[in-house]
Amino acid sequence: MVSWEGCNVMSTLVAQKQLAALIASALEQIIDQGMLNISDLPEINLEIPRDKSHGDFASNIALVLAKPAGKKPREIAEMIVENIDDQKFIDKVDIAGPGFINFFLSDQWLYNVLERIEAEKLDYGSSNFGAGEKVLLEFVSANPVGPMNIVNARAAAIGDTLARLFKASGYFVATEYYVNDAGVQTEIFGKSLLSRYRQINNPDYPFPDDGYPGDYIVDLAHELLNQNTALDWMTEDEQIEFCRTWGIDRMVDSQRQDLLDFNVKFDRWFRERELHQAKALENIIKILTERGYIYEAEGAKWFRSTAFGDDKDRVIIKNDGTYTYVTADIAYHYDKLKRGFTKLIDLLGPDHHGYIGRMKAAVQALGYSEDTLEILILQYVALLRDGQQVKMSKRAGEFITLKELLAEVGKDAARYFFIMRSLDSHLDFDLTLAAEQSSENPVYYIQYAHARICSIIRQAGAQSIAVKSVKDVSLQLLNHETEIDLMKKLAELPEEILLSTIERAPHRIARYALDLASLFHSFYTHCYIIGEKEELRDARLVLISCVRIVLERVLTLLGVSAPERM
RNA sequence: GCGCCUGUAGCUCAGGGGAUAGAGCAUCGGACUUCUAAUCCGAGAGCCGCAGGUUCGAAUCCUGCCAGGCGCGCCA
């Protein structure tokens with residue numbers, strides 16, 4: 001049994017849980033009295049009504065029960081309300097509309113929120129929901145033969161924030177970037193680099209037909225020249241191999257640096273070559289063969305992925321004896337599983353959606369459940385400049401790289417813009433707006449709220465006014481409408497973090513940050529702080545200090561900085 | 001042809017069974033002798049792509065259609 005002693009409600013999550021328990025016990029009493037005849041209780045959900053006149057929380061339970069119970073919704077609602085135990089934290093309970101039960105809570109629960117924020121600081125909103133489950137989040141994994149593009153950038157921002165959300169929700173998370181450094185593409189890359197290297201002294205040296213045209217390879221060639229390597233004494237094959245490994249290492253280094261500049265740090269950069277060196281591909285084929293999912297046909301070896309619902313079986317060893325990329329990918333995922341991760345999440349671009357079936361099949365063929373692997377598909381990004389779409393052609397070597405994006409709009413705006421839309425949304429990224437440092441830009445709007453609070457606290461400090469502890473101020477003075485709204489929003493953070501994690505929806509946090517900033521700005525214009533009487537001033541300082549903590553918290557989740565001055 | 005995503009205010013997007021459908025931008029009108037006007041307050045603006053169905057209740061779920069984006073290799 002839940003104890004109702006004291007008023008321990010301190011977030012919307014807790015409030016909803018407690019109200020649901022109250023309704024459940026009311027229903028039990030009604031059923032015991034024989035007033036209601038239903039076989040089993042449905043789940044009781046509390047929602048926060050859009051309209052404030054509908055209370056702090058509302059339940060539709062009476063409407064849901066109307067049919068199975070064969071009674072009118074309002075009649076059921078009345079019985080429930082009559083049987084709800086009186087609680088100190090409930091001001092009143094109304095029945096409204098077709099049969100909604102609306103709960104109006106005493107403001108005390110909001111003051112408890114401030115106490116909790118003061119106690120937990122930047123941990124406020126965290127939970128142990130994940131119970132330490134080991135999750136491996138793989139994202140970006142861009143080919144190392146070229147610079148990272150705008151979709152990679154979106155994946156980086158979203159993947160990184162998802163990782164932060166999983167951590168906040170009590171999971172053990174590791175992030176990985178898978179480097180395809182073993183395929184045909186890297187060989188073409190090696191040839192391209194060697195050709196550019198030769199062209200420095202011999203402009204007529206041929207460039208491979210299928211070579212990579214970008215200028216970055218020319219830059220790499222000049223860097224290679226300055227390295228004074230033993231390249232010229234090698235055979236042709238050795239030269240290509242050297243260019244490949246040296247060049248890929250340089251590409252990976254620069255990708256790693258670009259991502260660090262974007263506030264994205266991977267726990268591990270996993271090289272495909274490690275799998276080959278460890279004979280992991282041979283091993284995975286052996287395992288799948290033993291399990292009976294490999295067969296030979298048309299001179300190749302196939303993985304029977306259709307056994308688990310895939311559209312067609314997949315070639316795993318080509319008729320020329322080499323492996324397909326799927327083979328390495330299965331080996332990589334098996335490696336993840338062997339390392340003890342019980343949940344694998346891959347964040348991929350929309351061109352990879354056909355990949356879901358075969359990889360889920362592979363995981364199952366290896367003896368794991370289908371939902372061990374979760375593949376999130378990210379939709380494309382269209383870049384706009386001055387309202388016009390920026391055309392990008394990879395073949396012509398024209399595309400905006402992550403590095404260029406950061407130079408143009410900055411890390412904070414870029415992160416926010418990528419995260420503010422749901423994964424499913426085909427994002428229109430407005431470069432002009434993102435680069436603008438004005439009120440039209442939501443990033444600055446949120447950061448400005450944080451900087452404003454810091455400024456007030458600085459001003460107060462200059463007048464020797466310190467921010468007191470929550471328990472030393474008169475919280476009941478915080479009763480202005482904008483103050484109540486602000487505290488309600490603070491109360492929502494734990495729920496928001498949890499839902500953002502469960503729904504894999506980082507955009508919810510971006511929106512929450514914007515809403516909180518908006519409520520603060522509104523409060524700021526309606527309520528003074530430093531000029532007010534001491535008691536009210538101190539209470540308000542506590543309030544804005546809590547708002548500041550939560551703003552810093554959500555900005556950190558987004559990977560955006562929380563400036564103290566602007 | 002098959003698969004995935006999308007279609008909501010002039011624009012970009014939230015909401016994904018519940019009460020009068022929301023936000024930002026844009027437009028229009030107001031607010032600075034005091035803590036940052038990078039702000040606030042207010043107004044107008046919508047057959048929620050179309051047509052059926054399920055439901056006490058559908059923007060939300062199901063079916064079909066229309067439109068846009070992206071896939072459907074022994075490429076990665």
Side-chain angles (χ1 to χ4, degrees), chain A residues 45 47 49-51 53-54 58 60 63-64 66-67 72-73 96-100 102 141-143 145 180 182-186 272 298-302 311-312 314-326 328-329 349-357 377-380 382 384 387 417 420-430 433 436-449 451-460 462-463 465 482 503 505 507-508 510-511 514-515 517-518 520-532 537 540-541 544 565-566:
Chain A
N45 294 311
E47 60 166 26
R50 270 198 300 271
D51 188 336
S53 69
H54 294 142
N60 65 348
L63 288 97
V64 174
K67 191 158 194 186
K72 288 179 185 162
F100 289 102
N102 295 335
S141 299
N143 228 302
V145 299
N180 290 112
V184 186
Q185 298 194 30
T186 59
E272 182 183 349
E298 302 165 45
K301 279 197 176 178
W302 298 71
D311 302 342
K312 48 188 154 188
R314 307 292 166 176
V315 170
I316 214 149
I317 299 180
K318 297 183 238 176
N319 57 20
D320 66 1
T322 61
Y323 301 106
T324 64
Y325 73 94
V326 186
D329 283 350
D351 49 335
H352 284 74
H353 92 263
Y355 177 96
I356 298 173
I377 297 293
L378 196 58
Q379 294 303 318
Y380 272 125
L384 303 174
F417 273 63
M420 72 179 175
R421 303 299 179 213
S422 69
L423 307 205
D424 289 338
S425 149
H426 303 227
L427 177 68
D428 275 356
F429 192 113
D430 189 332
L433 175 60
E436 205 167 317
Q437 303 201 3
S438 76
S439 57
E440 294 165 32
N441 191 330
V443 190
Y444 292 98
Y445 181 87
I446 298 163
Q447 290 179 319
Y448 182 55
R452 257 185 158 175
I453 296 173
C454 291
S455 172
I456 297 167
I457 293 174
R458 266 198 311 273
Q459 290 278 333
Q463 298 174 37
I465 303 164
T482 59
E503 295 173 8
H507 74 277
R508 293 186 65 123
R511 172 159 288 265
L514 193 68
D515 289 346
S518 170
F520 169 75
H521 286 309
S522 181
F523 157 78
Y524 177 90
T525 42
H526 288 98
C527 300
Y528 286 112
I529 298 169
I530 294 177
E532 293 289 352
R537 178 199 70 195
R540 284 185 173 161
L541 278 172
I544 64 164
R565 291 169 205 272
M566 283 175 77

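Quick note on labels: first sequence line is chain A, next is B, and so on, each numbered from 1. Reckoned from all heavy atoms, side chains included, excluding hydrogens, waters and symmetry mates.
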Is A/Arg452 close enough and on-axis enough to A/Phe520, meaning under 6.0 Å and within 45°, for cation-pi? no

For [N], does either OP1 or OP2 sit under 4.0 Å from a side-chain N or O belonging to [X]?
X	N	answer
A/Gln463	B/C35	no
A/Tyr325	B/A76	no
A/Lys312	B/C2	no

Indicate, with a heavy-atom threshold strictly under 4.0 Å, whether [X] touches base, sugar-phosphate, or nothing.
X	value
A/Ala460	nothing
A/Glu298	base
A/Ala300	base
A/Asn180	sugar-phosphate
A/Cys527	base
A/Ile529	base
A/Ala451	base
A/Asn45	nothing

Taking only N/O atoms, report every protein-nucleotides 40-42 of chain B pair under 3.5 Å with atom names and distance.
from  : atom 1 : to       : atom 2 : distance (Å)
B/C40 : OP1    : A/Tyr445 : OH     : 2.4
B/C40 : O2'    : A/Thr525 : OG1    : 3.1
B/C41 : OP1    : A/Ser522 : OG     : 2.9

Counting distance alone, no hydrogens or angles: does the base of B/G3 have a donor or acceptor under 3.5 Å from a partner atom on the side chain of A/His353? yes

Considering only the [atom1] atoms, how many Å lie between [N] and [M], rounded to the nearest integer?
N	M	atom1	result
B/A14	B/G24	P	16 Å
B/G68	B/U39	P	39 Å
B/U54	B/G64	C1'	15 Å
B/G15	B/A9	C1'	15 Å
B/G57	B/C35	C1'	49 Å

Interatomic distance where [atom1] belongs to [X] and [atom2] belongs to [N] [whole Å]:
X	N	atom1	atom2	value
A/His352	B/G71	NE2	P	11 Å
A/Asp320	B/C74	CG	P	12 Å
A/Leu514	B/A38	CG	P	17 Å
A/Arg565	B/C35	CZ	P	16 Å
A/Asp430	B/C25	CG	C1'	10 Å
A/Leu433	B/A38	CG	P	17 Å

Please check: side-chain N/O of A/Asn441 versus main-chain N/O of A/Leu433, any donor-acceptor pairing under 3.5 Å? yes

A/His521 side-chain N/O to A/Tyr445 backbone N/O, donor-acceptor pair under 3.5 Å: yes

Quick check: on RNA chain B, is the nucleotide nearest A/Lys67 upstream (toward 5') of the one nearest A/Asp351, or the reverse? Name the residue that is more 5'. A/Lys67

For A/Gln185 and A/Asn180, which I'm curious about, is there any donor-acceptor pair between the side chains at under 3.5 Å? no

Ignoring hydrogens and angles, state whether a donor on the side chain of A/Asp320 or A/Thr322 is under 3.5 Å from an acceptor on the partner side chain. yes

Take A/Thr324 and A/Lys318, measure what side-chain contact (heavy atoms from CB on, under 4.5 Å) needs, and give me the verdict at the end. CA-CA 7 Å; A/Thr324 64; A/Lys318 297 183 238 176; 3.8 Å; yes

For nucleotides 8-18 of chain B, give me one character per nucleotide, 5' to 3': B if any protein heavy atom sits under 4.0 Å from the base, S if the only such contacts are to the sugar-phosphate, - if neither. ----BSSS--B

A/Glu47: what forms a salt bridge (charged side-chain N to carboxylate O under 4.0 Å, His left out) with it, not counting sequence neighbours? none

